[in-house]
Amino acid sequence: MPELPEVETVKRSLQPLLEGERLIGIDVLYGGIIKNMDPQDFSRLLVDRVINSISRRGKYLLFDLSEGDTLVVHLRMTGQLLISNQEEPRTKHTHLVFHLSGGKQLRFVDVRKFGLIFLVRSGAWDQAGGLAQLGPEPLAEDFTVEVLLGVLKNRKGMLKAFLLDQKRIAGIGNIYADEILFMAGLLPQRRIETLNMPEIEALYLAIRTKLQEGVEYRGTSISDYVDGRGEKGSFQERLQVYDRGGKPCLKCGTNLVKSVVAGRGTVSCPKCQR
DNA sequence: AGTCAAACCTGGGCGC
DNA sequence: TGCGCCCAGGTTTGAC
């Protein structure tokens, strides 16, 4: 389940291997992943382009290409971008293969076929799914308590739904939402409009801390997630609540409660979170 | 504006 | 061992 820390880790693992590489051919094995054009146009447009740089916005990866286009990739739940040698056999669920000038390949693998790929003119982000509507980048330097206060203003509803809404804050998914709420001592179903200033400050600190930790430990490898070299992260070893429903809270020993909030499996501590 | 459910897709875990 | 069933999850879409 790639969220901000996982996508950031994929980006960092791909950068040294891909920046400056030229795309010399593309095999489309499953065209459904390409969302804004047909596979023939996609392949034709990409051939001979150079990958100038790779960046991240929320859970989206942006490959800035020569001649002013950007390849936008969203991994959704099970998508993987992997660097492989030509001779390595293709694993099942390999949907796209980019042949690189250096001799290696970039492969897009996705068991559930939920991943999204767009090829757009750089800057035309409105043509790349939800990319143009993303809220602020929570690990950016300019994401301050005031910015959080601004996006919370006049909003109502459950705190977890807010954290998961990419239009409010970019990059938080189900795992980090639960971890953030536990650290902040706030219940997932807590209503935004009832938060006081110290609680908003705690929420701010938890957002920054948990996402930073996630990046530091190179992401959470619960099911499929690996970086561009196929390496797992280790944040799953540090999870406090996610996937621990019914087990004792690591702070107070109370059994953690599993529920559904905002349509998502959710775990929280009834004693530590209010 | 918020809330909820359905849809997309497949593999893993469960009970029998 | 094998079958059927349900669940997980990010995001969009549509209904209320």
Side-chain angles (χ1 to χ4, degrees), chain A residues 1-10 29-36 56-62 72-81 90-96 108-118 125-135 137-138 150-181 187-195 211 214 219-226 232-233 235-236 239 241-247 256 258-267:
Chain A
M1 297 132 265
E3 305 178 28
L4 187 154
E6 288 74 34
V7 179
E8 177 67 21
T9 303
V10 170
L29 298 115
Y30 173 73
I33 297 294
I34 304 158
K35 296 299 172 186
N36 69 332
R56 179 192 59 75
R57 177 79 175 94
K59 301 174 193 172
Y60 290 82
L61 280 170
L62 285 75
V72 178
V73 179
H74 195 302
L75 302 172
R76 289 284 189 107
M77 272 109 64
T78 54
Q80 302 175 330
L81 284 170
R90 283 176 190 170
T91 58
K92 210 175 164 185
H93 311 299
T94 300
H95 304 317
L96 295 174
F108 183 86
V109 179
D110 187 358
V111 169
R112 292 185 195 163
K113 299 181 176 171
F114 279 15
L116 316 169
I117 294 193
F118 305 86
W125 308 134
D126 57 320
Q127 290 165 43
L131 179 58
Q133 298 169 57
L134 293 177
E137 203 53 54
V151 291
L152 281 166
K153 203 177 170 184
N154 298 329
R155 305 238 144 246
K156 295 175 182 176
M158 286 179 284
L159 192 45
K160 177 154 176 177
F162 171 85
L163 288 179
L164 291 174
D165 187 345
Q166 304 301 301
K167 294 193 274 302
R168 308 296 159 228
I169 301 172
I172 300 171
N174 203 37
I175 297 175
Y176 292 91
D178 279 9
E179 296 299 313
I180 287 166
L181 289 166
L187 285 169
Q189 52 272 64
R190 177 69 182 276
R191 304 210 51 105
I192 299 172
E193 60 271 28
T194 68
L195 295 175
L211 293 176
T220 306
S221 292
I222 295 271
S223 52
D224 304 75
Y225 166 72
V226 290
K232 290 177 187 285
F235 196 63
Q236 64 278 9
L239 295 175
V241 286
Y242 180 82
D243 209 22
R244 297 196 64 245
K247 294 183 181 156
L256 297 173
K258 169 107 198 235
S259 62
V260 175
V261 177
R264 292 312 215 296
T266 298
V267 181

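Predicted, not measured: the structure shown is a model, and the values here were computed from it. In what follows, chains carry the letters A, B, and so on, assigned in the order in which the sequence lines appear, proteins first and then strands, with residues in each chain numbered from 1. Values below: every heavy atom of this structure, side chains too, minus hydrogens, waters and symmetry copies.
Heavy atoms of Tyr242(A) sit under 4.0 angstrom from primed sugar atoms or phosphate atoms, though from no base atom. Contact annotation for Gly157(A): backbone-only contact, meaning every heavy-atom pair under 4.0 Å involves sugar-phosphate atoms and none involves a base. Backbone-only contact: Lys258(A) has heavy atoms under 4.0 Å from sugar-phosphate atoms and none from a base.
We find that CZ of Phe114(A) is positioned 15 Å from P of dA6(B), with the value rounded to whole Å. At whole-Å resolution of the value, CZ in Arg57(A) and P in dG10(C) are 18 Å apart. If you take OH of Tyr225(A) and C1' of dG9(C), they are 17 Å apart, rounded to a whole angstrom. Across the protein-nucleic acid pair, His95(A) atom NE2 and dC8(B) atom P stand 16 Å apart, rounded to whole Å. To the nearest angstrom, P of dC8(B) lies 20 Å from CD1 of Ile34(A). In this structure, the CE atom of Met77(A) is 15 Å from the P atom of dC7(C), given to the nearest Å. One can place CG of Asn154(A) at 10 Å from P of dG2(B), the figure rounded to the nearest angstrom. If you take CG of Asp178(A) and C1' of dA8(C), they are 13 Å apart, rounded to a whole angstrom.
Of the possible polar contacts, one joining the Arg56(A) side chain to the Gly58(A) backbone as a donor-acceptor pair under 3.5 Å is found.
Side-chain polar atoms of Glu6(A) and Tyr176(A) form a donor-acceptor pair below 3.5 angstrom. Side-chain atoms of Tyr242(A) and Thr220(A) include no donor-acceptor pair closer than 3.5 Å. Neither side chain, Lys258(A) nor Thr266(A), offers a donor N or O lying under 3.5 Å from an acceptor on the other.
Relative to the side chain of Lys156(A), the nucleotides dG11(B), dG2(B), dG10(C) differ in distance, and dG2(B) lies closest.
Interatomic distance, CD1 of Ile33(A) versus CG of Asp110(A), reported as 5.0 Å (0.5 Å rounding).
In this model, the phosphate group of dG2(B) is approached by a side-chain N or O of Arg155(A) to a distance below 4.0 Å at OP1 or OP2. Lys113(A) has no side-chain polar atom (N or O) that falls below the 4.0 Å cut-off from OP1 or OP2 of dC8(B). Between His93(A) and dC9(B), a side-chain N or O to OP1/OP2 separation shorter than 4.0 Å is absent.
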So if I define the base as every atom that isn't primed, P, OP1 or OP2, how would nucleotides 11-16 of chain C read as a B/S/- string at a heavy-atom cutoff under 4.0 Å? BS----
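Residue-to-nucleotide contacts include no donor-acceptor pair under 3.5 Å from the side chain of Arg112(A) to the base of dG11(B).
A salt bridge between Arg264(A) and Asp178(A) is absent, with no side-chain N of the basic residue lying under 4.0 Å from a carboxylate O of the acidic one.
Remark: Lys113(A) is positioned above the aromatic ring of Tyr30(A), its terminal NZ or CZ atom under 6.0 angstrom from the ring centre and at most 45 degrees off the axis.
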